[in-house]
Q: 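I have a structure I would like to understand better, so I am pasting it below and will then ask my questions one at a time.
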Amino acid sequence: MEEANNSSGNGFLLLGFSDQPQLERCLFIIILHFYIFNILGNTAIILVSCVDAKLHTPMYFFLSNLSCVDICFTTSVAPQLLVTMSKKDKSMSYGGCVAQLYVAMGLGSSECILLAVMAYDRYVAVCRPLHYATIMHPKLCVALASTAWLSGLVTSLIQCSLTVQLPLCGHRKLDHIFCEVPVLIKLACVDTTFNEGELFVASVVFLIVPVSLILVSYGFITQAVLRIKSAVGRKKAFGTCSSHLIVVIIFYGTIIFMYLQPAKSSSKNQGKFVSLFYTIVTPLLNPIIYTLRNKDVKGALRAMVIGHALGSERL
């Protein structure tokens with residue numbers, strides 16, 4: 001028992017890319033810039049969604065929730081990763097690892113549900129346009145967003161609590177970029193069949209089911225768009241939904257690869273780069289895709305910047 005609890009007393013060694021110093025230095029610069037742009041971009045989306053009255057719609061309400069999740073999700077990983085990469089001592093406290101485990105799992109799960117909710121919103125907007133305001137009323141929007149946040153909290157409490165109870169028998173080296181459930185399961189020195197099975201079930205609920213609902217939604221959306229006689233109307237409808245679909249493919253593709261494979265199967269660096277992608281890269285793509293491909297957001301940002309500039313001149 002003393003040996004099993006050794007990790008909780010000494011913490012962990014978060015190896016990351018320490019065996020490749022040049023790569024680690026390059027990644028440090030890239031991750032730092034991605035993190036800064038992620039905070040700025042997602043904060044801008046939240047601000048314009050709140051300030052501009054034209055954006056007080058269900059779509060931008062869910063988008064601002066997504067931006068909030070992305071800011072918190074990346075912040076749960078990036079600062080600790082940057083600190084670890086910048087020093088020779090790769091240690092991380094046991095409490096810090098557990099906290100990161102719970103927060104990252106909860107926020108990642110919430111994003112999975114939130115993206116499915118956004119797909120439903122686009123389905124109603126395209127396939128039931130005349131009833132959109134009636135169906136997507138404010139109370140339903142708040143209920144759907146709350147469900148996404150609460151479901152992430154619940155699965156985090158269950159999944160992470162089961163994981164931290166696994167005896168590690170003194171194993172302290174985490175060959176990964178942050179504390180994540182599949183990595184800690186690999187580190188356990190007992191049979192982890194139950195934990196792997198439970199993780200698989202949770203992954204099906206939070207990954208396969210939402211992806212299936214999203215694909216069904218976009219199947220109906222495609223049928224509805226193809227029935228539009230106007231080429232301009234078809235282009236506008238596809239443009240409205242394509243940005244969301246890009247985010248969905250990138251996010252779910254990488255996270256499914258990480259969570260729906262046997263715990264012992266991924267190569268050493270493969271899992272690190274995949275995790276790096278859905279924790280650092282994908283959250284930055286949301287503001288880029290939604291601002292560059294959306295005239296409403298670009299117009300609101302332009303108006304906010306001009307308004308701020310004029311206010312500064314008056315002062």
Side-chain angles (χ1 to χ4, degrees), residues 42-73 107 109-154 205-207 209-228 230 232-249 251-252 283 285-287 289-291 293-301 303:
N42 281 299
T43 300
I45 286 181
I46 294 172
L47 287 176
V48 297
S49 298
C50 294
V51 172
D52 196 313
K54 295 179 181 177
L55 303 184
H56 291 173
T57 63
M59 175 182 174
Y60 294 104
F61 170 74
F62 293 129
L63 179 57
S64 61
N65 272 269
L66 180 65
S67 293
C68 184
V69 169
D70 281 336
I71 289 173
C72 298
F73 187 33
L107 292 169
S109 301
S110 294
E111 181 157 353
C112 292
I113 303 300
L114 194 55
L115 288 171
V117 169
M118 292 176 71
Y120 174 71
D121 173 68
R122 291 301 83 206
Y123 160 75
V124 177
V126 175
C127 300
R128 305 282 301 278
L130 298 179
H131 302 90
Y132 181 72
T134 305
I135 296 173
M136 300 303 295
H137 55 83
K139 288 184 179 180
L140 178 63
C141 293
V142 171
L144 290 172
S146 300
T147 299
W149 285 93
L150 289 174
S151 61
L153 174 64
V154 171
V205 172
F206 283 89
L207 295 175
V209 172
V211 165
S212 300
L213 294 175
I214 289 170
L215 292 177
V216 170
S217 296
Y218 277 95
F220 285 116
I221 288 172
T222 302
Q223 289 180 349
V225 170
L226 291 176
R227 287 197 295 266
I228 298 175
S230 168
V232 177
R234 286 198 300 269
K235 183 178 179 181
K236 183 179 179 180
F238 274 125
T240 303
C241 301
S242 60
S243 55
H244 177 237
L245 196 56
I246 291 170
V247 173
V248 165
I249 291 171
F251 178 76
Y252 282 104
L285 294 179
N286 289 335
I289 290 172
Y290 279 105
T291 53
R293 297 179 59 86
N294 192 299
K295 292 180 181 179
D296 293 335
V297 176
K298 286 191 290 186
L301 282 172

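All residue numbers in this chain count up from 1 along the given sequence. If you're wondering where the values come from, they're calculated on a predicted model, not measured in any experiment.
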Q: Ignoring hydrogens, what is the shortest heavy-atom contact between His56 and Ser49? Give both atom names and the distance.
A: CD2-O, 3.1 Å
Q: I'd like to know whether Leu153 forms a side-chain contact (heavy atoms from CB on, under 4.5 Å) with Trp149, so could you lay out the CA-CA distance, the side-chain angles of the two residues, the decisive distance to 0.1 Å, and finally the verdict.
A: CA-CA 6 Å; Leu153 174 64; Trp149 285 93; over 6 Å; no
Q: Supply the atom-to-atom distance Asp70 CG to Phe251 CZ, rounded to the nearest 0.5 angstrom.
A: 8.0 Å
Q: Hey, are the side chains of Ile221 and Cys127 touching, using non-hydrogen atoms and a 4.5 Å cut-off?
A: yes
Q: Looking only at non-hydrogen atoms, find the nearest pair between Leu207 and Cys112 and report the distance.
A: CD2-SG, 3.6 Å
Q: As an exercise, state the distance from CG of Leu63 to OG1 of Thr57, rounded to the nearest 0.5 Å.
A: 9.0 Å
Q: Could you tell me if the side chain of Ile46 sits less than 4.5 Å from the side chain of Ile71, heavy atoms only?
A: yes
Q: For a quick test of reading the model, state the closest non-hydrogen atom pair linking Ala119 to Tyr218 and the distance between them.
A: CB-CE1, 4.0 Å
Q: Take Tyr132 and Asp121 through the side-chain contact (heavy atoms from CB on, under 4.5 Å) test and state the conclusion after the steps.
A: CA-CA 9 Å; Tyr132 181 72; Asp121 173 68; 2.5 Å; yes
Q: Testing the basics here: between Val69 and Leu107, what is the closest heavy-atom pair and its distance to 0.1 Å?
A: CG1-O, 3.5 Å
Q: Quick check: closest heavy atoms across Phe62 and Met136, and the distance to 0.1 Å?
A: CE1-CE, 3.7 Å
Q: How about Ile135 and Tyr120: do any of their side-chain heavy atoms sit closer than 4.5 Å?
A: yes
Q: Any side-chain heavy atom of Ser151 sitting closer than 4.5 Å to one from Phe206?
A: yes
Q: Could you tell me whether the side chain of Phe220 reaches within less than 4.5 Å of the side chain of Val126, counting heavy atoms only?
A: no
Q: To the nearest 0.5 angstrom, please state how far the CG atom of Leu115 sits from the CD1 atom of Ile249.
A: 12.0 Å
Q: State the OH-SG distance between Tyr60 and Cys50, to the nearest 0.5 angstrom.
A: 13.5 Å
Q: Out of curiosity, Arg227 CZ to Gln223 CD, how far, rounded to the nearest 0.5 Å?
A: 6.5 Å
Q: For the side chain of His131 and the backbone of Thr134, is there at least one donor-acceptor N/O pair under 3.5 Å apart?
A: no
Q: For Val205 and Pro210, work out which heavy atoms get closest and say how close.
A: O-CD, 3.1 Å
Q: Measuring from atom CG of Leu66 to atom CG of Asn42, what distance do you get when rounded to the nearest 0.5 angstrom?
A: 7.0 Å
